[in-house]
Amino acid sequence: VDILKRMPGIGAYTAGAIATFAFDARAACVDVNVGRVLTRSIDGVDHVTSARAWALAEAALPRGPAAAWTHALMDVGSTFCRATPHCDACPVRGSCRFVALGMQRSPRHKPARSERFSTSRRYYRGLVVKSLTRAPHMSFVRLGEQVKEGFEKSDLPWLQDLLEGLQRDGLVAVDRRRRTVSLP
């Protein structure tokens, strides 16, 4: 994590995520969902400082690799422990300090359903990287067909926008002249 944080553009979250998910390391990775789950379930409050959220994440890490643990926290946060929590259905309810202190709330009305992960930008970014691990380079069209069901040439601007973001993050190399993409 320390080595990753010294790289340009990589902060604590990205370093923790890379160490956890790419190298199966025991490292904390605190996004909004992880921070909210840990803050509520351990401290019993809605908000804490970023430093406190990281301290909670470090203290709560399992002994071994942390990828499954972090995925579980992200899933609980995005499904149940949302800004307006769904405490009644949460699997953490039995050991949650937020619930024990009577802080849980139920939404007054059914909240608008957020974008599903399977159609999110994060999902497609992951599919692009996964597809590129199987081939040294791919044409935009071939990659699009592997990443998005029913991909058509009219989807190229969407794909190019996705690839530009991945290239900015240093995750892919785009050759616009040849209209190909590869891992860096």
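Side-chain atoms are counted along with the backbone in the values below, which use heavy atoms only and exclude waters and symmetry mates.
What you find for Leu127 and Val147 is that their closest heavy atoms are CD1-O, 3.4 Å. Nearest heavy atoms, Val1 versus Ala27: CG2-CB, 3.7 Å. Nearest heavy-atom pair, Ala53 versus Val48, reported as atom, atom and distance to 0.1 Å: N-CG2, 3.8 Å. Nearest heavy-atom pair, Phe21 versus Cys29, reported as atom, atom and distance to 0.1 Å: CE1-SG, 4.3 Å. What you find for Val37 and Cys81 is that their closest heavy atoms are CG2-CB, 3.7 Å. Pairing each heavy atom of Asp43 with each of Arg97, the nearest pair is O-NH1, 3.5 Å.
In this structure, Ser78 contributes its side chain and Met74 its backbone to a donor-acceptor pair below 3.5 Å. With hydrogens and angles disregarded, a donor-acceptor distance shorter than 3.5 Å links the side chain of Asp31 to the backbone of Val34. Of the possible donor and acceptor atoms, none in the side chain of Arg36 sits under 3.5 Å from a partner among the backbone N and O of Val32. In this structure, Thr70 contributes its side chain and Ala67 its backbone to no donor-acceptor pair below 3.5 Å. In this structure, Arg6 contributes its side chain and Asp2 its backbone to a donor-acceptor pair below 3.5 Å. Under the 3.5 Å distance criterion, the side-chain polar atoms of Asp155 are matched with a main-chain donor or acceptor of Glu152. Checked by atom type and distance alone, the side chain of Arg26 pairs as donor or acceptor with a backbone atom of Pro62 at under 3.5 Å.
To the nearest 0.5 angstrom, Leu163 atom CG is 6.0 Å from Leu143 atom CG. Between the OH atom in Tyr124 and the CG atom in Leu159 there is a gap of 11.0 Å [rounded to 0.5 Å]. Rounding to the nearest 0.5 Å gives a distance of 12.5 Å between CD1 of Ile18 and CD1 of Ile3. Separation of atoms CZ (Arg125) and CG (Leu166) is listed at 4.0 Å; rounding is to 0.5 Å. Arg179 contributes atom CZ, which lies 6.0 Å from atom CZ of Phe140 (distance to the nearest 0.5 angstrom). Distance OG/Ser131 to CG/Leu183: 10.0 Å, rounded to 0.5 Å.
The cluster map of Ile, Leu, Val, Met, Phe, Trp and Tyr, joined by side-chain heavy atoms under 4.5 Å apart, puts Phe98 and Val76 in different clusters. No continuous path of hydrophobic side-chain contacts links Met7 to Leu171 [ILVMFWY only; heavy atoms under 4.5 Å]. Placement of Leu156 and Leu132 within a single hydrophobic cluster is found when ILVMFWY residues are connected by side-chain heavy-atom separations under 4.5 Å, directly or transitively. Cluster membership for Val172 and Phe151, using ILVMFWY side-chain heavy atoms within less than 4.5 angstrom, is shared. Val181 and Tyr123 fall within the same hydrophobic cluster, where Ile, Leu, Val, Met, Phe, Trp and Tyr residues are linked whenever their side-chain heavy atoms come under 4.5 Å apart, directly or through other members.
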| After noting the C-alpha distance and the side-chain angles of Trp158 and Lys148, does the key distance pass the side chain to side chain contact (heavy atoms under 4.5 Å, CB included) rule? | CA-CA 11 Å; Trp158 165 82; Lys148 185 177 183 185; 3.7 Å; yes
Determine, step by step, whether Gln160 and Arg176 satisfy the side chain to side chain contact (heavy atoms under 4.5 Å, CB included) criterion, reporting the C-alpha distance in whole Å, the side-chain angles of both residues, the deciding distance to 0.1 Å, and the verdict. CA-CA 9 Å; Gln160 289 171 334; Arg176 284 178 182 69; over 6 Å; no
Evaluate the side chain to side chain contact (heavy atoms under 4.5 Å, CB included) criterion for residues Asp46 and Arg40: first the C-alpha distance (whole Å), next the side-chain angles of each, then the deciding distance (0.1 Å), finally the verdict. CA-CA 6 Å; Asp46 255 335; Arg40 287 179 178 162; 2.7 Å; yes
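Between Thr39 and Leu56, some side-chain heavy-atom pair lies under the 4.5 Å cut-off.
Heavy-atom contacts from other residues, nucleotides or ligands closer than 6.0 Å to OH of Tyr13 number more than 12. Within a 6.0 Å sphere centred on CZ of Arg134, heavy atoms belonging to other residues, nucleotides or ligands number more than 12.
If you run side-chain contact (heavy atoms from CB on, under 4.5 Å) between Val99 and each of Cys87, Ser41, Pro85, only Cys87 comes through.
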